[in-house]
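These notes are about the structure you will find just below.
Proteins come first, then strands; the chains are lettered A, B, ... in the order of their sequence lines, and each starts at number 1.
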There are 2 protein chains.
Amino acid sequence: MKEIARRAGVSIGTVDRVLHHRGRVSADNIAKINAIVEQMGYKPNLFASRLSGGGLVRSIGVVMPEAAQDFGYWRLIRNGIDRAAREFEPLQVAVQVVGFDRNSPDACAEAFRRMAEGGCEGIAVAPIHSRILRPLVEAWDPSFPLVFFDTDMACDRHRCFVGQDPWQGGYLAGKLLGLTLETGRPVVLVRFDEDDEHLQKRSEGFEAYARSVGRQVLILAQKLSDPLDRRRADTALFLARHPAVGGMFVPNASVGEYALAGLGRRMVGYDLIPGNLAALREGRLDFLLSQRPEVMGYEAVRRLSRALLFGEALPDRISLPLDVILKENLDGHLDQINS
Amino acid sequence: MKEIARRAGVSIGTVDRVLHHRGRVSADNIAKINAIVEQMGYKPNLFASRLSGGGLVRSIGVVMPEAAQDFGYWRLIRNGIDRAAREFEPLQVAVQVVGFDRNSPDACAEAFRRMAEGGCEGIAVAPIHSRILRPLVEAWDPSFPLVFFDTDMACDRHRCFVGQDPWQGGYLAGKLLGLTLETGRPVVLVRFDEDDEHLQKRSEGFEAYARSVGRQVLILAQKLSDPLDRRRADTALFLARHPAVGGMFVPNASVGEYALAGLGRRMVGYDLIPGNLAALREGRLDFLLSQRPEVMGYEAVRRLSRALLFGEALPDRISLPLDVILKENLDGHLDQINS
DNA sequence: GCTTATGGTGTGTTCGTTCACGCAGAGCGT
DNA sequence: ACGCTCTGCGTGAACGAACACACCATAAGC
């Protein structure tokens, strides 16, 4: 800045006002300084800048379903968030997470509002209740850095989405069963009585693959309100009635619970939650798919942090790759997560 | 620091001398100040610290085989290195890469020596010529941050290794063929006349799996000096002579070159190099394994950067997970790499 | 009793930015 | 001519740490 000021024949203060668009500078000088900045390829010194900013800690808010007592998917996401928070802590980025009851749209909206009005400079939110969240989001300052994760929500506002392609995941599950089973043997798709977009899309992808190769898909309906024993018994009964069935796809993380009932059939499911790991290790599950939920949380926070610190633009979309996990490469994936 | 000085009843200068172990402080004060530092949980302000340090740019050197005209494995590693370099550039970390002719151990040693004496504060090296490199490394200052990648080199010195488990990769390849082929059908393992540790280990892993399930492995020997046409013809002839063969494992990135010859058989190979992508997309390859070479380069530089910036300890080992890539999840993996 | 080293300490400047403040002069109305 | 506001600009004090330097003791050596 000193050099720029010298070349432009003005003071540092004037340069500063131009760089920060704070006005009170003549049009002449604005043009001259901008030209010099451009020509010199001036980049502000991050360290000086942040030091001077009064030790202002950049703060990021995360709004997501409660993960405290959860050992599943949201816990994995939370782990990634925490890892990113640790990584950016020495750069004075503070991450605060607010959880809400996932069955209460109002709690979701309330959590978002609290966060947004609480002085955060960037927010990552899992917009699982789009109806109530959309108006809130669209009314908010359009330049405010906002990242959606887990679920994408159509809305008239620029934001970044970090997430998965559930349809493709189901399709891949179909392919894996297809590759490992003789044609002609039907496969089972477990369908839960839950209104969940991911589940729906995964199932569609799975059926799409089966259709494309002409394999029969049997639907096994499951009520989530039924106790586990009951569901297992139903499953065993179902399989006994359809002995030709070669494999089974459980489109969510609960696949481990079905591993015993499906014994002898190829089993494909989702997510590296503790309950599934043992089943995979012992060969009761064959494939687990994972959309790297830790990476999802990690990336959401990381991108926001870098946007705030370095002014990096948020990409429109970050899609996470589909991992195919077998007993034989499980440990490598677990190592990766825990570092 | 001001607060610490106040509480200890000394000046800031004294606190500074204690924190930096620069002596010239009475034992009393050292103890008192350390206690207060401990109790306050004092962490130095990175921004002030780096600003004050004379804008000293931390510099990191990378020593690896030349990747300029290479579109393969080393190019992927290099991409990861460059990505990390871009990421840490605003934190004033400078990364310089020196390539050497991979067939010349002397060039490798020379490159390392140049780097080490050139004022770097941390080095990442691919120690593919361990015989010549070991004495150099062991003679070097033991506290100097050092990361090995690609190949691990046993040596009497603390360092961090970022890399893969090639044996496990071969084992996984065996499992994938095993899952998708009827028992009884033999599989082919391509063996190259190259003294490469990774190739060797992958092949061992592959054979170990086959042995564990009693599947026959046929060896197809290939001379790398032969022109591609010749090798393809040999392969076709070999397969014609063994019509029962169900699948083929090429334990390196050249699998794409064999895809045509092996048509109709399951093909498993390594690495997301451009030559393999088309073959996978068109269904001539079934599985590609990847040890995330970009992540390898990225992590090597990233860990060194964080060690220098934040004083984070280098872990002994970072193992990269084995990715199983099919046509159906290829795009997600490519997206991940190019961000 | 004198210098000369050396252990222990405080002071002051520097790093590059940020931003509150102050000051001059122009424009306006009374 | 006076006070007022408003624009355009420079000045100077932070921010927190690093480090050279000056200083005063005391001890050692002659």
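- Minimum atom distance to the side chain of R22(A) is reached by dC19(C), of the listed dG16(D), dT17(C), dC19(C).
- Using cut-offs of 30° and 60° for the angle between ring planes, the F47(B) and F47(A) rings count as tilted.
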For this session: With pairs defined as Watson-Crick or G-U wobble and both distances under 3.5 angstrom, please note down DNA chain C as a dot-bracket string, | for pairing with another strand.
Result: .|||||||||||||||||||||||||||||
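- Regarding L46(A), its CG atom lies at a distance of 14 Å from the C1' atom of dC15(C), rounded to whole Å.
- Between the side chain of S52(B) and the base of dA17(D), at least one donor-acceptor pair of N or O atoms lies under 3.5 Å.
- To the nearest angstrom, C1' of dG8(C) lies 15 Å from CG of D16(B).
- For the pair L51(A) CG and dT14(C) P, the interatomic distance rounds to 16 Å; values are reported in whole Å.
- A donor-acceptor pair is defined here as one N or O able to donate and one able to accept, closer than 3.5 Å; no such pair exists between the side chain of R134(B) and the backbone of D156(B).
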Identify each atom pair where a protein N or O and an N or O of nucleotides 6-10 of chain D are less than 3.5 Å apart, giving names and distance.
unit_1: dC9(D); atom_1: OP1; unit_2: S26(A); atom_2: OG; d: 3.3
unit_1: dC9(D); atom_1: OP1; unit_2: N29(A); atom_2: ND2; d: 2.7
unit_1: dC9(D); atom_1: OP2; unit_2: S26(A); atom_2: N; d: 2.7
unit_1: dC9(D); atom_1: OP2; unit_2: S26(A); atom_2: OG; d: 3.2
unit_1: dC9(D); atom_1: OP2; unit_2: N29(A); atom_2: ND2; d: 3.3
unit_1: dG10(D); atom_1: OP1; unit_2: S11(A); atom_2: N; d: 3.4
unit_1: dG10(D); atom_1: OP2; unit_2: S11(A); atom_2: N; d: 2.6
unit_1: dG10(D); atom_1: OP2; unit_2: S11(A); atom_2: OG; d: 2.9
unit_1: dG10(D); atom_1: OP2; unit_2: T14(A); atom_2: OG1; d: 2.6
unit_1: dG10(D); atom_1: O5'; unit_2: S11(A); atom_2: OG; d: 3.4
unit_1: dG10(D); atom_1: N7; unit_2: R17(A); atom_2: NH2; d: 2.7
unit_1: dG10(D); atom_1: O6; unit_2: R17(A); atom_2: NH2; d: 3.0

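- Checking D106(A) against H129(A) by side-chain atom types alone, no donor-acceptor pair falls below 3.5 Å.
- Taking atom NZ of residue K43(A) and atom P of nucleotide dG16(C), one finds them 17 Å apart after rounding to whole Å.
- D16(A) has a carboxylate O that lies under 4.0 Å from a charged side-chain N of R22(A), or vice versa, which qualifies the two as a salt bridge.
- One finds a side-chain N or O of Y42(B) lying less than 4.0 angstrom from the OP1 or OP2 phosphate oxygen of dA17(D).
- Judged purely by distance below 3.5 Å, without hydrogens or angles, the side chains of D141(A) and S143(A) pair a donor atom with an acceptor atom.
- Ion pairing of R306(B) with E312(B) is present here, as a side-chain N (NZ or NE/NH1/NH2) and a carboxylate O approach within less than 4.0 Å.
- A cation-pi geometry, defined here as NZ or CZ lying under 6.0 Å from the six-membered ring centre and within 45° of its normal, holds between R83(A) and Y298(A).
- Distance, M1(B) CE to dA17(D) P: 6 Å, rounded to whole Å.
- For the pair R317(A) and F161(A), the cation-pi criterion (under 6.0 Å, within 45° of the ring axis) is not fulfilled.
- The CZ atom of R6(B) sits 15 Å away from the P atom of dG10(C) (whole-angstrom rounding).
- Side-chain proximity of K2(B) to the nucleotides dA18(D), dC15(D), dG16(C) is greatest for dC15(D).
- Across the protein-nucleic acid pair, R50(A) atom CZ and dC19(C) atom P stand 12 Å apart, rounded to whole Å.
- If you take NE2 of H20(A) and P of dT18(C), they are 3 Å apart, rounded to a whole angstrom.
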Problem set entry | Worked verdict on R86(B) versus E89(B) for salt bridge (Lys or Arg N to Asp or Glu O under 4.0 Å) | CA-CA 5 Å; R86(B) 277 198 306 278; E89(B) 198 235 273; over 6 Å; no
